[in-house]
**Q** 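Structure provided below as structure tokens; questions to follow.
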Amino acid sequence: MVDWTHLNGLYAATGSRQMLAMFEDDPDRAERFSAQVGDLRLDYSKTRVDAAVMEALIDLCDQADLAGHRAAMFGGDRINETEDRAVLHTALRNLDGGPVISGGIDVMPGILATLDQMRAFSDAVRSGEKAGTGGAFTDIVNIGIGGSDLGPAMAALALAPYQDGPRCHFVSNVDGAHIADTLRGLDPKTTLVIVASKTFTTIETMTNARTARAWMQEGGGDPAMQFAALSTARDKTAAFGIDDAHVFGFEDWVGGRYSVWGPIGLSLMLAIGPKGFDAFLRGGQAMDTHFRAADWHENLPVLLALIGIWHHQICGYPTRAVLPYDQRLARLPAYLQQLEMESNGKSVAMDGSALTVPSGPIVWGEPGTNGQHAFYQLIHQGTGVVPCEFMVAAQGHEPDLAHQHRLLVANCLAQSEALMRGRSIDEARARMADRGLDAAELERQARHRVFPGNRPSTTLAYPLLTPFVFGQIVALYEHRVFVEGVILGINSYDQWGVELGKELATSLGPVVDGTQSTSGKDGSTAALVEFVHRHGGA
Ligand code: F6P
């Protein structure tokens, strides 16, 4: 267990310390509080950390034996103790690394064989050699939820400029509207359906898979040719009727939210091709190499984690906004919500004791500049502080629209500057006086135009969102979550908190469809069920 006393004391001593003054006092602040890996630059200078705070944060890594935990993870130890599993998603991208031994077995030959199987399948689909009853596949529908959806959905959008294969669609919600809207307009004879489910039991996915199968059969397609499965459960994929040659397996040491690097990424590979997918893996691998080797002071995942801990566990800011100035990273906040909140949203430490500090923060966000016209008002002038994590590429993929990209970059940089700089009441008065407002009106209005400033943000900048860079970014966040989990002393790899709702939904099924009464249910639930029944819902 780590000792938070020193950091809490440093926080108390920061008082009203102003970031702007910190920049004035230290002309090298931007460099000293930035780190770079390859082309990826993390600037955390627009926060209120100083050298003493950073040293105290870095000391947490040693107190928590981060190096030991990191070695255990990469070494295939069963660090997911509550599920008795190793955590080896990093092996999926260990393209030219050595053997990875878990439970006395080298897992790499199996991983590389599956990757070859994915490449061959992907080449056959993309070339039209493997086709539906109506000819070459035009569309792919990935049916999955949580980690079996968010990773590939986010990645397919992020890497859309590299797409030269069939169009990808993603269906996750058990709400029939999702699959109905997705299938409408698709040709059942040229659509490939991928059922992505680690367990192959998830109710949403299996329900949607059956709906898709019926749609295909009714429309003249052939599920035997046009269905594939991504799962650890071959017995269940076979029972569903999916040809074993179309099943891409993985092991239980790949957590759902960490699974985009393996078979769960098949839709991405089909969209951008095996070479693009390899570049994505290599980006992830490059981040692994950095994370394993770099000193804590230069280590990007460690720094990002420590800044997160400073803001949430020490400063007490309850949420964290992820604000990519990159429309194609629109699904990144949702992906990070699962990655961070399912991993570190726990109140019990690995040893069963209660956490003595808050668990991981609420993560939310939207791409800029859209958010600026929606919720940034609160970020700038609300009573609470929201640490912001900006992301931006130096270049866009649309050379003809470079002027738009420059505007995007300017907006991103302007927001972090505005959050830091703020606007004092005197500045607000002066601006209004310039506009000729009389003294009484000026006094009435001035306070509404004050920005407190001194609000923290980080900026992750990269040259261009290529598959390699994108792989680095995703792995960066994965390791950040790992570091935070180690310092909090929790197991970041289980998700027992999703179970109760699933169990109750199963027991409520017959109540909602009217085959069981509401007796035994609480008054609120019973009344809501009755409302649904009165309005034709069963
Ligand atoms: O309900 C949570 C969860 O288990 C996630 O952790 C997982 O990513 C998702 O459901 C989907 O699970 P599966 O891939 O087994 O369908």
Side-chain angles (χ1 to χ4, degrees), residues 1-30 32-35 42-66 296-297 299 302-321 340 344-347 349 353-363 378-389 416-425 450-459 480 483-490:
M1 212 190 271
V2 302
D3 180 3
W4 303 94
T5 329
H6 182 42
L7 272 160
N8 287 331
L10 287 173
Y11 174 60
T14 57
S16 59
R17 179 198 288 161
Q18 296 293 308
M19 280 179 223
L20 275 177
M22 294 167 87
F23 274 96
E24 275 161 27
D25 293 348
D26 178 3
D28 295 331
R29 179 169 174 83
R32 292 209 298 130
F33 294 89
S34 290
L42 173 70
D43 181 328
Y44 57 100
S45 63
K46 292 194 190 90
T47 64
R48 297 202 302 149
V49 299
D50 60 12
V53 168
M54 283 317 294
E55 283 313 314
L57 286 167
I58 280 166
D59 190 48
L60 295 178
C61 301
D62 297 327
Q63 287 185 49
D65 186 24
L66 178 59
W296 301 146
H297 296 79
N299 197 309
V302 170
L303 292 170
L304 203 55
L306 295 178
I307 296 299
I309 283 174
W310 168 250
H311 286 148
H312 185 57
Q313 277 80 14
I314 307 295
C315 302
Y317 307 143
T319 82
R320 164 194 299 164
E340 304 207 9
N344 287 344
K346 324 243 161 101
S347 35
S353 62
L355 283 199
T356 56
V357 288
S359 60
I362 296 163
V363 178
L378 180 147
I379 292 181
H380 284 288
Q381 286 190 317
T383 49
V385 173
V386 181
C388 293
E389 300 194 348
S416 64
E417 189 183 353
L419 283 167
M420 172 172 72
R421 199 170 282 284
R423 178 169 287 157
S424 69
I425 189 132
V450 170
F451 292 69
N454 214 25
R455 297 197 160 184
S457 68
T458 59
T459 301
R480 179 232 201 132
V483 174
E484 287 184 344
V486 167
I487 291 174
L488 293 176
I490 60 179

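Any value given below was found using the heavy atoms of this structure, including those in side chains, with hydrogens, waters and symmetry copies removed.
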**Q** Atom OG1 in Thr356, atom CH2 in Trp4: separation rounded to 0.5 Å?
**A**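 Thr356 atom OG1 to Trp4 atom CH2 measures 7.5 Å (nearest 0.5 Å).
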
**Q** Indicate whether any N or O donor in one side chain lies under 3.5 Å from an N or O acceptor in the other, for Ser416 and Lys46.
**A**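 Yes, side-chain donor-acceptor contact under 3.5 Å.
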
**Q** Measuring from atom CG of Leu303 to atom CE of Met54, what distance do you get when rounded to the nearest 0.5 angstrom?
**A**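 Those atoms lie 5.0 Å apart.
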
**Q** Hey, does Glu340 have a side-chain heavy atom less than 4.5 Å from the side chain of Arg320?
**A**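 In short, these two side chains touch, coming nearer than 4.5 Å.
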
**Q** Output the distance between atom CG (Asp26) and atom CG (Asp50), rounded to the nearest 0.5 Å.
**A**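 If I round to the nearest 0.5 Å, the distance is 10.0 Å.
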
**Q** Contact between Pro387 and Pro456 at the side-chain level, heavy atoms closer than 4.5 Å - yes or no?
**A**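 A side-chain contact exists here, since the closest heavy-atom pair is under 4.5 Å.
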
**Q** Taking side chain as C-beta onward, heavy atoms only, is His380 less than 4.5 Å from Pro452?
**A**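 No; the side chains remain at least 4.5 Å from each other.
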
**Q** Under the criterion side-chain contact (heavy atoms from CB on, under 4.5 Å), I'd like the reasoning laid out for Val53 against Leu57: C-alpha separation, chi angles, the key distance, then a yes or no.
**A** CA-CA 6 Å; Val53 168; Leu57 286 167; 3.8 Å; yes

**Q** Step by step, would you call Asp62 with Trp296 a side-chain contact (heavy atoms from CB on, under 4.5 Å)?
**A** CA-CA 10 Å; Asp62 297 327; Trp296 301 146; 3.1 Å; yes

**Q** List the atom of Ala30, the atom of Phe23, and the distance in Å for their closest heavy-atom pair.
**A**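 Taking Ala30 first and Phe23 second, the nearest heavy atoms are N-CE2, 4.0 Å.
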
**Q** Taking side chain as C-beta onward, heavy atoms only, is Thr319 less than 4.5 Å from Val363?
**A**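 Side chain of Thr319 against side chain of Val363, heavy atoms only: no contact under 4.5 Å found.
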
**Q** In Å and rounded to the nearest 0.5 Å, what is the CD1 to NZ distance from Ile490 to Lys346?
**A**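 The CD1 atom of Ile490 sits 6.0 Å away from the NZ atom of Lys346.
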
**Q** Is there a side-chain contact (heavy atoms from CB on, under 4.5 Å) between Arg423 and Val450? Walk through the geometry before answering.
**A** CA-CA 5 Å; Arg423 178 169 287 157; Val450 170; 6.0 Å; no

**Q** Would you give the length of the straight line joining atom CD1 of Ile362 to atom NE2 of His312, rounded to the nearest 0.5 angstrom?
**A**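 Ile362 atom CD1 to His312 atom NE2 measures 7.5 Å (nearest 0.5 Å).
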
**Q** Provide the closest heavy-atom pair for Leu20 versus Met420 in the form atom of the first, atom of the second, distance.
**A**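 Between these two residues, the closest heavy atoms are CD2-CE, 3.9 Å.
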
**Q** State which residue, out of Val385, Val386, Thr47, fulfils the side chain to side chain contact (heavy atoms under 4.5 Å, CB included) condition with Arg455.
**A**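 Considering Val385, Val386, Thr47, a side chain to side chain contact (heavy atoms under 4.5 Å, CB included) with Arg455 is found only for Val385.
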
**Q** What heavy-atom pair brings Ile379 and Cys388 nearest, and what distance separates the two atoms?
**A**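 Distance-wise, the nearest heavy atoms are CG2-SG, 3.7 Å.
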
**Q** Where does the angle between the aromatic ring planes of Tyr317 and His311 fall among parallel (under 30°), tilted (30 to 60°) and perpendicular (over 60°)?
**A**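 Tilted, since the angle between the ring planes falls between 30° and 60°.
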
**Q** Donor-acceptor check, side chain of Gln63 to backbone of Val2, threshold 3.5 angstrom: yes or no?
**A**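 No; judged by distance alone, with no hydrogens or angles, the pair does not exist.
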
**Q** Begin from the C-alpha positions of Leu304 and Leu42 and carry the test side-chain contact (heavy atoms from CB on, under 4.5 Å) through to its verdict.
**A** CA-CA 8 Å; Leu304 203 55; Leu42 173 70; 3.8 Å; yes

**Q** Measuring from Ser45:OG to Met22:CE, what's the distance to the nearest 0.5 Å?
**A**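 Atom-to-atom, Ser45:OG and Met22:CE are 9.5 Å apart.
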
**Q** Is any side-chain heavy atom of Leu7 less than 4.5 Å from a side-chain heavy atom of Trp310?
**A**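 Result yes, sub-4.5 Å side-chain heavy-atom pair found.
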
**Q** Do Glu484 and Ile487 have side-chain heavy atoms sitting under 4.5 Å apart?
**A**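 They are not in side-chain contact.
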
**Q** Write down the atom of Met1, the atom of Ser353, and the distance for their closest heavy-atom approach.
**A**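 In terms of heavy atoms, the two residues are closest at CE-OG, 4.4 Å.
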
**Q** Is a donor on one side and an acceptor on the other found under 3.5 Å between the side chain of Asn344 and the backbone of Ser359?
**A**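 Absent.
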
**Q** Can you check side-chain hydrogen bond (donor to acceptor under 3.5 Å, both in side chains) on Glu55 and His297, steps first, answer last?
**A** CA-CA 9 Å; Glu55 283 313 314; His297 296 79; 2.9 Å; yes

**Q** Could you tell me which non-hydrogen atom of Val302 sits nearest to which non-hydrogen atom of Cys61, and how far apart they are?
**A**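 So the two residues come closest at CG1-SG, 3.8 Å.
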
**Q** Tell me whether Asn454 contacts the main-chain N or O of Met19 through its side chain, where contact means a donor paired with an acceptor under 3.5 Å.
**A**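 A pair under 3.5 Å: yes.
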
**Q** Output yes when Arg29 and Glu24 qualify as a salt bridge under the 4.0 Å nitrogen-oxygen rule, no when they do not.
**A**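 Salt bridge flag = no for Glu24 with Arg29.
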
**Q** So do the side chains of Thr459 and Tyr44 get within less than 4.5 Å of each other, counting heavy atoms only?
**A**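 No, their side chains stay 4.5 Å or more apart.
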
